[in-house]
Amino acid sequence: MRKKHTFFWTFLGRVAYEPMLETQRTLRAAVISGVAPGGLLLLEHPPTITIGRRGDEKNILLTRESLASLGIGLHRVERGGDVTYHGPGQLVAYPVMPVLGGVHGFVRSLAEAARQLLKGLQVEATWSEERPGLWTTDGKIAAVGLHVSRKVAIHGLALNLSPD
């Protein structure tokens, strides 16, 4: 018989990308096995670029060597989407939890939560189906990319609050 758990959330501060990716994968395995209920990990990363499954390195304006010399990590990952920058001033939300109601609905729910947060900060943003993400009149303010395995999500949302 499974134990009853409640979801958790935690703000972790600034965390390097690779250890956090391993944490997500470990937590997902625990959720799939019924040991953990899942939760929401909130953090920021040091300067990092991730490339999703459909991503193309040609969409990065600097060479790998230039990125390395600037201290910017580069990681190819299993999430959807293209290229995403993560860094200081950006809130990253990793929901490691069961996806109920389908992946598209889950993505839109993440985006709507971010839109509501922005609205509370007096920032108007809208979702774009053509160019997935949340957009303001100044440009893209949030990216969403997930990987779902056995109905449990990892990766998530990157919200630009005060990036350099």
Here the pair of heavy atoms bringing G156 nearest to L146 is CA-CD2, 3.8 Å
Distance from L74 atom CG to L67 atom CG, nearest 0.5 Å?
6.0 Å
Measure the spacing between OG1 of T50 and NE2 of H155 and express it to the nearest 0.5 Å.
8.0 Å
Side-chain heavy atoms of R28 within contact of H147, under 4.5 Å
yes
Do the side chains of L12 and Y94 get nearer than 4.5 Å, heavy atoms only?
no
Any side-chain heavy-atom pair of W127 and R115 under 4.5 Å:
no
Mark yes or no for whether Q90, through its side chain, and Y85, through its backbone, hold a donor-acceptor pair below 3.5 Å.
yes
For L61, does the CG atom have more than 12 heavy-atom neighbours from other residues, nucleotides or ligands under 6.0 Å away?
no
Identify whether V99 and L40 are in the same connected component of the hydrophobic contact network (ILVMFWY, side-chain heavy atoms under 4.5 Å).
yes
State whether the side chain of E44 and the backbone N or O of G89 hold a donor-acceptor pair below 3.5 Å, judged by distance alone.
yes
Are the side chains of P98 and V31 in touch, meaning some heavy atoms are under 4.5 Å apart?
yes
dist E18:CD -> T48:OG1 (nearest 0.5 Å) comes out at 9.0 Å
Count the heavy atoms of every other residue, nucleotide or ligand shown that sit under 6.0 Å from CZ of R54, and state whether that count exceeds 12.
no
Quick one: does R131's side chain have a donor or acceptor within less than 3.5 Å of a partner on L134's backbone?
no
Heavy-atom distance under 4.5 Å between the side chains of T63 and E65, does that happen here?
yes
Looking only at heavy atoms, which two atoms of E57 and R76 are closest? And how far apart?
N-NH2, 4.3 Å
What's the shortest heavy-atom distance between G55 and D82, and which atoms?
CA-OD1, 2.9 Å
Rounding to 0.5 Å, atoms CZ (R79) and CD (Q24) come to a distance of 11.0 Å
Mark yes when over 12 heavy atoms from residues, nucleotides or ligands other than R150 sit less than 6.0 Å from its CZ; otherwise mark no.
no
Between K119 and E112 (salt bridge meaning N to carboxylate O under 4.0 Å), is one present in this structure?
no
Flag yes if I49 and M20 sit in one hydrophobic cluster, no otherwise; membership is Ile, Leu, Val, Met, Phe, Trp, Tyr, and two members link when side-chain heavy atoms are under 4.5 Å apart.
no
As an exercise, state the distance from OG of S66 to CD1 of I60, rounded to the nearest 0.5 Å.
11.5 Å
For the residue pair L110 and P95, establish whether any side-chain heavy-atom pair is separated by less than 4.5 Å.
yes
Identify the two heavy atoms, one from R14 and one from P88, that lie closest to each other, and give their separation to 0.1 Å.
NH2-CB, 3.3 Å
Do you reckon L157 sits in the same ILVMFWY cluster as W9, going by side-chain contacts under 4.5 Å, direct or chained?
yes
Heavy atoms, side chains only, cut-off 4.5 Å: are L41 and T10 in contact?
yes
With hydrophobic residues grouped by side-chain heavy-atom distances under 4.5 Å, do I51 and L21 end up in a single group?
no
Does the T136 side chain pair with the main chain of D138, one donor and one acceptor, at a distance under 3.5 Å?
yes
Going through the checks in order, is the side-chain contact (heavy atoms from CB on, under 4.5 Å) test met by F106 and V148?
CA-CA 11 Å; F106 193 83; V148 178; over 6 Å; no
Please determine whether residues V15 and L27 belong to a single hydrophobic cluster, defined as Ile, Leu, Val, Met, Phe, Trp and Tyr linked transitively by side-chain heavy-atom distances below 4.5 Å.
yes
Please answer whether the main-chain N or O of I32 pairs with a side-chain N or O of K151 as donor and acceptor at a distance below 3.5 Å.
no
Which pair of heavy atoms, one from K140 and one from W135, lies closest together, and at what distance?
N-CE3, 3.2 Å
Euclidean distance, Q116 CD relative to L121 CG, rounded to 0.5 Å
11.5 Å
Does any part of the side chain of H45, heavy atoms only, come nearer than 4.5 Å to the side chain of L43, both counted from C-beta?
yes
